[in-house]
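Report on one structure; see the data block that follows.
Whatever order the structure lists ligands and atoms in, that order sets their numbers, starting from 1.
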Amino acid sequence: MTNNMFFIANWKMFGDLKSINSTKKVIKFSKNKKYKRAQIIYCPPYTLLDKFLKITKNSKIKIGAQNCHQSQFPGPYTGSINASLIKSIGAKYVIIGHSENRVSGDTNHIINLKVKSAIKNNLNIIFCIGETLSEKKNKKTNSVLKSQILQGLKNVKNNKNIIFAYEPVWSIGTGIIPKNENLKKQISLIKKMINKHYKLKNPKIIYGGSVSTKNIAELKKISSINGFLIGGASQNSKNFIDIIKKTIN
Ligand code: 13P
């Protein structure tokens, strides 16, 4: 398991029924023994979850949702989907704490409730943390990450089903990635924080932010990274496969 590399496709608010067809290439590719270390997870919009579950049924590809409502119970929350509903259709993962949801109101407290609800429903969690550009400029990166971890995982017992995704907000969708030496240091600091505050010895940490076919050769050199959370580049099956091939060769 520790040797596995995660390639998590976050399709965000992209993708219609037609776009599923192109993923057939990825499903076929996922059966190639040479790349058996690659754990591919698709997180499409809610509207495509069921289709994705069906199309990937006979493969090792797993499916996740991009967010969930914090309420464990059904209720009058128009437009919302909670962890229990996600579980009920057979998805195994959920992204929680993505910066695009943090800006629209997800506080660390709300994120904490979402995490607890996802755990109650036995979902694996892709727990996103990351600093904004101004936090980075003001040298607040470590304190921001620390509070995201401490408050987001408050009263959560060390749980092996959490994947930590470090996504610097200034890197998402900008084409800019951290320098390898800085990213390596940051990953090691995050690992220490998780060890100290969350008492998890070998947390899985993945990187997200402008991962592409062009920069993957550089990013993969950081051996402490357990995989990638990929936005834009994951919507193109050829690029997605290319990223996996270039990581595992
Ligand atoms: P991009 O790969 O498009 O920068 O998006 C990263 C991201 O937000 C994945 O969750």
Side-chain angles (χ1 to χ4, degrees), residues 5-15 19 22-23 26 38-46 48-49 52 61-68 86 91-106 111 114-115 118 123-133 135-136 141 144-145 148-149 152 162-180 182-183 186-187 190 204-220 222 225-247:
M5 286 294 275
F6 290 91
F7 297 89
I8 307 180
N10 177 7
W11 273 20
K12 309 193 178 186
M13 203 172 72
F14 293 94
S19 48
S22 75
T23 62
V26 181
Q39 175 62 70
I40 301 170
I41 301 162
Y42 267 104
C43 299
Y46 293 127
L48 296 182
L49 282 174
F52 259 94
I61 294 178
K62 300 278 187 291
I63 304 303
Q66 295 172 14
N67 195 3
C68 65
I86 293 166
K92 298 279 187 274
Y93 285 80
V94 61
I95 297 175
I96 296 178
H98 195 284
S99 59
E100 286 154 15
N101 296 126
R102 288 182 187 266
V103 287
S104 51
D106 273 11
I111 288 165
K114 292 184 178 194
V115 166
L123 290 175
N124 296 288
I125 297 165
I126 299 148
F127 180 76
C128 299
I129 55 172
E131 80 285 4
T132 62
L133 186 60
E135 287 162 347
K136 175 178 145 74
T141 300
V144 166
L145 298 179
Q148 288 175 342
I149 294 170
I162 297 180
I163 298 170
F164 294 83
Y166 174 52
E167 297 204 301
V169 182
W170 47 270
S171 174
I172 296 176
T174 58
I176 302 166
I177 59 164
K179 284 204 180 87
N180 261 18
N182 296 340
L183 183 54
Q186 202 57 63
I187 297 283
I190 293 170
K204 295 185 258 293
I205 305 189
I206 63 175
Y207 168 79
S210 292
V211 175
S212 73
T213 53
K214 295 204 176 81
N215 57 31
I216 192 67
E218 197 55 23
L219 286 168
K220 74 166 238 188
I222 306 172
I225 289 180
N226 303 108
F228 301 97
L229 181 52
I230 308 161
S234 72
Q235 288 159 37
N236 177 307
S237 295
K238 191 181 163 298
N239 289 346
F240 193 37
I241 291 173
D242 222 37
I243 288 172
I244 301 171
K245 279 187 173 167
K246 284 181 173 156
T247 309

Exercise. Applying side chain to side chain contact (heavy atoms under 4.5 Å, CB included), name anything that partners Lys220, two or more places apart in sequence or on another chain.
Key: Thr247, Asn249

Practice problem: Report the relative orientation of the aromatic rings in Phe228 and Tyr207; use parallel for angles under 30°, tilted for 30 to 60°, perpendicular for over 60°. | Solution: perpendicular

Exercise. Of all the heavy-atom pairs spanning Gly64 and Leu49, show the shortest one and how long it is.
Key: O-CD2, 3.3 Å

Quiz item: Which protein residues have a heavy atom closer than 4.0 Å to any atom of ligand 1, listed by chain and number?
Solution: Asn10, Lys12, His98, Glu167, Ile172, Gly173, Gly209, Ser210, Leu229, Gly231, Gly232

Quiz item: At their closest point, which heavy atom of Ile172 faces which heavy atom of Ser99, and how far apart are they?
Solution: CD1-OG, 3.3 Å

Quiz item: How would you list, by chain and number, every residue that makes a side chain to side chain contact (heavy atoms under 4.5 Å, CB included) with Lys214, sequence neighbours excluded?
Solution: Ser212

Name every donor-acceptor pair, under 3.5 Å, that has one atom in a side chain of residues 238-245 and the other anywhere in the protein, sequence neighbours excluded.
unit_1	atom_1	unit_2	atom_2	d
Asp242	OD2	Lys246	NZ	3.4

